[in-house]
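Because the structure is predicted, anything quoted here is derived from the model rather than measured.
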Amino acid sequence: MPAPATRTTIAGLSRLVGSHLGYTRWRLITQEQVNRFAEATWDDQWIHVDVERARSGPFGGTIVHGFLTLSLAPALLDELLQVEDASRTINYGLNRVRFPAPAPVGSRVRLGVELSSLEQVAGGVQAVLALTFESEGSAKPCCVGELLLRFVCD
């Protein structure tokens with residue numbers, strides 16, 4: 001069971017720079033979720049949605065969209081970090097996103113996070129968070145990258 005989320009303030013974030021914040025709990029990714037993501041994004045490539053064809057494909061079954069995995073970051077991050085005095089958190093962008101290994105549909109994924117850096121911006125701070133998504137049983141992560149979040153206090 002993962003540890004409870006780190007609770008801090010905008011000022012307190014500076015003490016966490018360079019710290020690994022831990023891992024979320026494992027989350028199962030189902031074919032239904034993948035199909036709904038494909039429908040929402042118009043990305044219905046057969047390696048994601050055609051279960052029969054994918055069985056004889058390069059991965060032996062359907063795989064999770066890389067961007068579906070990445071899109072879990074904001075929700076999963078809440079399990080690891082809560083900035084209590086931020087009136088809002090703004091997704092400012094991403095750096096260096098890669099998908100080193102596929103995550104099979106039906107596998108469980110989790111997110112590990114490190115607070116890499118912090119800089120002052122108007123009204124708050126901008127954090128660079130190193131993300132590592134793991135697929136249970138895989139030697140390589142299924143997604144890595146940096147998430148830029150702005151924690152703002154009005």
Backbone N or O of [Y] within a donor-acceptor pair of the [X] side chain at under 3.5 Å?
| X | Y | answer |
| --- | --- | --- |
| Ser87 | Val152 | yes |
| Asp85 | Ile10 | yes |
| Thr132 | Gly112 | no |

Please report the shortest heavy-atom distance between [X] and [Y], naming the atom on each side.
| X | Y | value |
| --- | --- | --- |
| His65 | Asp43 | NE2-O, 2.9 Å |
| Leu68 | Gln33 | CD1-O, 3.8 Å |
| Pro58 | Trp46 | CD-CH2, 3.8 Å |
| Thr69 | Cys142 | CG2-SG, 4.0 Å |
| Leu80 | Gly22 | CD1-O, 3.7 Å |
| Glu136 | Trp26 | N-CZ3, 3.4 Å |

Would you check, one step at a time, whether the test side-chain contact (heavy atoms from CB on, under 4.5 Å) holds for Arg88 with Asp154? CA-CA 9 Å; Arg88 64 187 179 278; Asp154 293 324; 2.6 Å; yes
When clusters are formed by joining ILVMFWY residues with side-chain heavy atoms under 4.5 Å apart, either directly or through shared neighbours, do [X] and [Y] land in the same one?
| X | Y | value |
| --- | --- | --- |
| Val128 | Val17 | no |
| Leu77 | Val97 | yes |
| Leu111 | Leu28 | no |
| Leu94 | Val125 | yes |
| Tyr92 | Val83 | no |

Would you compute the distance between atom [atom1] of [X] and atom [atom2] of [Y] and round it to the nearest 0.5 angstrom?
| X | Y | atom1 | atom2 | value |
| --- | --- | --- | --- | --- |
| Leu70 | Cys143 | CG | SG | 4.5 Å |
| Leu16 | Leu129 | CG | CG | 10.5 Å |
| Leu118 | Leu13 | CG | CG | 5.5 Å |
| Thr9 | Phe151 | OG1 | CZ | 11.5 Å |
| Ser135 | Lys140 | OG | NZ | 13.0 Å |
| Gln45 | Ile63 | CD | CD1 | 7.5 Å |

For Ile29 and Leu72: C-alpha separation, side-chain torsions, deciding distance, then whether side-chain contact (heavy atoms from CB on, under 4.5 Å) applies. CA-CA 11 Å; Ile29 307 296; Leu72 299 174; 3.8 Å; yes
Between Thr62 and Gln31, does any side-chain donor sit less than 3.5 Å from a side-chain acceptor?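 Per modelled atom types, Thr62 and Gln31 side chains form a pair under 3.5 Å.
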Tell me which pairs pass salt bridge (charged side-chain N to carboxylate O under 4.0 Å, His left out) where either residue lies in residues 113-134, with sequence neighbours left out.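 Residue pairs passing salt bridge (charged side-chain N to carboxylate O under 4.0 Å, His left out), neighbours aside: Arg110-Glu134.
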Assign the ring pair Phe99 / Phe67 to parallel, tilted or perpendicular, where the plane angle (0 to 90°) is split at 30° and 60°.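 It falls in the perpendicular class, over 60°.
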